[in-house]
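Following: one structure in C-alpha cells, then a few remarks.
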Amino acid sequence: MIVRKEINEDIDVIYLLQRTAFESADEALLVDNLRENCPYTLSLVAEDKNKVLGHIFFSRINFSKDPNFAMVALAPVAVLPEFRNDGVASALIKKAIEILTQEGQKAIFVLGEPDFYAKFGFVPTSYYQINCPFDVPKEFFMLLELEEDALSSFAGETPIYHKAFDALS
Ligand SMILES: CC(C)(COP(=O)(O)OP(=O)(O)OC[C@H]1O[C@@H](n2cnc3c(N)ncnc32)[C@H](O)[C@@H]1OP(=O)(O)O)[C@@H](O)C(=O)NCCC(=O)NCCS
C-alpha cells in the first residue's frame, strides 16, 4: 500500500469513498467545498493495486489573534468498510504528519475519538487551554503540536474553521 497526494483523477473516487464511509453525503460535500474554497488543503489517498482504500483531508484553520499562523484541521478521514482495522487510517495519519511537519505547519486539530488519536500523539486542546468551537465533550477536541511550544501563546483562543464546516450536521 502506498500513501500519496490526491491527483485530479482521484476526485470522483474520493467523493464516493467518503460517501460510502459516512451515513450522509455531508463529508463528501465538505471535501469538495474545501478543495474549491479553502486557501490551504492537503488531501492524501491510500492506494493498493491501483485501488483507493482510504482518504484523509486537511484544511487551514485560524486563530483571530494571528491569522497567518499555519495550522490545519484534520477532517474527514475515511477507509472503505471492507479494508478497516488493517492500518490504513493510521498510515494516512502518519504520512500526513510527516508532510505537514516538513511544510512547517505548526499544529493539527481534530475532532475525534481520543483513544484513536492519542496513538499519534494528539492531546486534548484543553491541555493548552485552547477552546473548542463545537458543542462536544471537550476531550474529543484534540491537537498535535508539530513544532515545540508553537501553541504556547494561544491559551484562551478558539480555532476558527472554514465556513464550509457550518453545513455539517
Ligand atoms: C475511523 C476509520 C477511518 C479508521 O480506519 P482504519 O483504517 O480501520 O483504522 P486503523 O486500521 O489504522 O486503526 C484501527 C484502530 O483504530 C481503532 N478505531 C477505529 N475506529 C475507531 C473509532 N471510531 N474510535 C476509536 N477507535 C477506533 C480500532 O479499534 C483499531 O484499534 P487497534 O489498532 O488498537 O486495534 C474507519 O473506521 C472509518 O472510515 N470510519 C468511518 C468514517 C469515520 O468515522 N471517520 C472518522 C471521523 S472523521
Side-chain angles (χ1 to χ4, degrees), residues 1-6 10-38 40-62 71-101 105 107-127 130-146 158-169:
M1 185 182 72
I2 59 159
V3 174
R4 59 166 178 80
K5 287 189 180 176
E6 162 194 300
D10 298 321
I11 288 176
D12 291 347
V13 176
I14 288 170
Y15 183 93
L16 279 175
L17 187 152
Q18 291 289 352
R19 181 67 193 86
T20 305
F22 287 94
E23 282 172 11
S24 77
D26 287 357
E27 284 77 10
L29 291 167
L30 174 71
V31 169
D32 282 354
N33 190 339
L34 288 168
R35 188 189 285 115
E36 272 274 295
N37 299 310
C38 187
Y40 170 88
T41 59
L42 174 67
S43 182
L44 302 180
V45 295
E47 184 183 66
D48 191 30
K49 300 184 188 86
N50 291 324
K51 182 175 174 64
V52 172
L53 313 180
H55 172 243
I56 195 165
F57 198 81
F58 297 82
S59 57
R60 169 71 68 239
I61 55 175
N62 297 108
M71 59 183 196
V72 295
L74 186 178
V77 56
V79 173
L80 288 174
E82 60 272 37
F83 297 100
R84 288 181 190 164
N85 288 310
D86 205 15
V88 176
S90 298
L92 284 162
I93 293 167
K94 285 179 190 157
K95 183 69 180 180
I97 291 171
E98 194 185 304
I99 293 173
L100 292 164
T101 305
Q105 307 285 340
I108 306 172
F109 285 72
V110 69
L111 187 61
E113 286 292 332
D115 290 346
F116 183 61
Y117 288 103
K119 289 182 203 166
F120 310 99
F122 284 79
V123 296
T125 64
S126 53
Y127 180 84
I130 290 171
N131 302 317
C132 177
F134 308 105
D135 186 18
V136 296
K138 62 182 182 187
E139 64 271 23
F140 287 85
F141 192 51
M142 305 181 79
L143 68 80
L144 177 66
E145 222 178 25
L146 300 179
T158 308
I160 302 164
Y161 277 60
H162 192 275
K163 60 180 185 316
F165 282 87
D166 295 350
L168 279 189
S169 37

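Remember, predicted model here, so these are calculated numbers, not experimental data. First listed ligand is number 1; within each ligand, the first listed atom is number 1. Excluded from the calculations below are hydrogen atoms, water molecules and symmetry mates; all remaining heavy atoms, backbone and side chain alike, are included.
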Between D32 and R35, is the closest basic N to carboxylate O distance under 4.0 Å? yes
Report the relative orientation of the aromatic rings in F116 and F120; use parallel for angles under 30°, tilted for 30 to 60°, perpendicular for over 60°. perpendicular
Quick one: does G112 get a heavy atom under 4.0 Å from ligand 1? no
For atom 12 (O) of ligand 1, which candidate among A75, S90, A118, P114 holds the nearest heavy atom? S90
The closest protein heavy-atom partner of atom 4 (C) of ligand 1 is A89 CB, 3.7 Å
Of the protein's non-hydrogen atoms, which lies at the shortest distance from atom 14 (C) of ligand 1, and what is that distance? N85 OD1, 3.6 Å
Taking distance alone, with N or O pairs closer than 3.5 Å, would you say D86 contacts ligand 1? yes
Quick check on atom 25 (C) of ligand 1 - does any protein heavy atom sit closer than 4.0 Å to it? yes
Below 4.0 Å from ligand 1: does a non-hydrogen atom of K119 turn up there or not? yes
When distances are taken from atom 37 (O) of ligand 1, the protein heavy atom at minimum range is R84 CD, 3.3 Å
Any protein heavy atom under 4.0 Å from atom 33 (O) of ligand 1? yes
What I want to know is whether V79 and ligand 1 share at least one N or O pair that is separated by under 3.5 angstrom. yes
N/O of G87 under 3.5 Å from N/O of ligand 1, yes or no? yes
Non-hydrogen side-chain atoms of Y161 and D166 separated by less than 4.5 Å: no
Should A21 be counted as touching ligand 1, given the test is an N or O pair under 3.5 Å? no
Who's the nearest protein heavy-atom neighbour of atom 42 (C) of ligand 1, and how far? F22 CZ, 3.4 Å
Name the closest protein heavy atom to atom 23 (N) of ligand 1, giving the residue it belongs to and the distance to 0.1 Å. E113 CG, 3.5 Å
Is the backbone N or O of N33 less than 3.5 Å from a side-chain atom of N37, with the two atoms forming a donor-acceptor pair by type? yes
I'd like to check atom 20 (N) of ligand 1 in this structure: does the protein have a heavy atom lying under 4.0 Å from it? no
Tell me which protein heavy atom sits closest to atom 1 (C) of ligand 1, plus the residue, atom name and distance to 0.1 Å. F116 CE2, 5.0 Å
Hey, is ligand 1 close enough to V77 that some N/O pair sits below 3.5 Å? yes
With distance as the sole test, does R4 use its side chain to make a donor-acceptor pair with the main-chain N or O of A46 at under 3.5 Å? no
On a heavy-atom basis, the closest approach of A89 and V77 is CB-CG2, 4.3 Å
So K95 and K5, side chain to side chain contact (heavy atoms under 4.5 Å, CB included) or not? Walk me through it. CA-CA 10 Å; K95 183 69 180 180; K5 287 189 180 176; over 6 Å; no
Apply the ring-ring contact (aromatic ring centres under 6.0 Å, His included) test between Y117 and each candidate in F109, F141, F140, F122; give the one that qualifies. F122
L168 and E27: side chain to side chain contact (heavy atoms under 4.5 Å, CB included), yes or no, with the steps? CA-CA 8 Å; L168 279 189; E27 284 77 10; 4.3 Å; yes
Verify side chain to side chain contact (heavy atoms under 4.5 Å, CB included) between L143 and M71, making sure each step is shown before the conclusion. CA-CA 10 Å; L143 68 80; M71 59 183 196; over 6 Å; no
May I ask you to test the K119-S90 pair for a side-chain heavy-atom distance under 4.5 Å? no
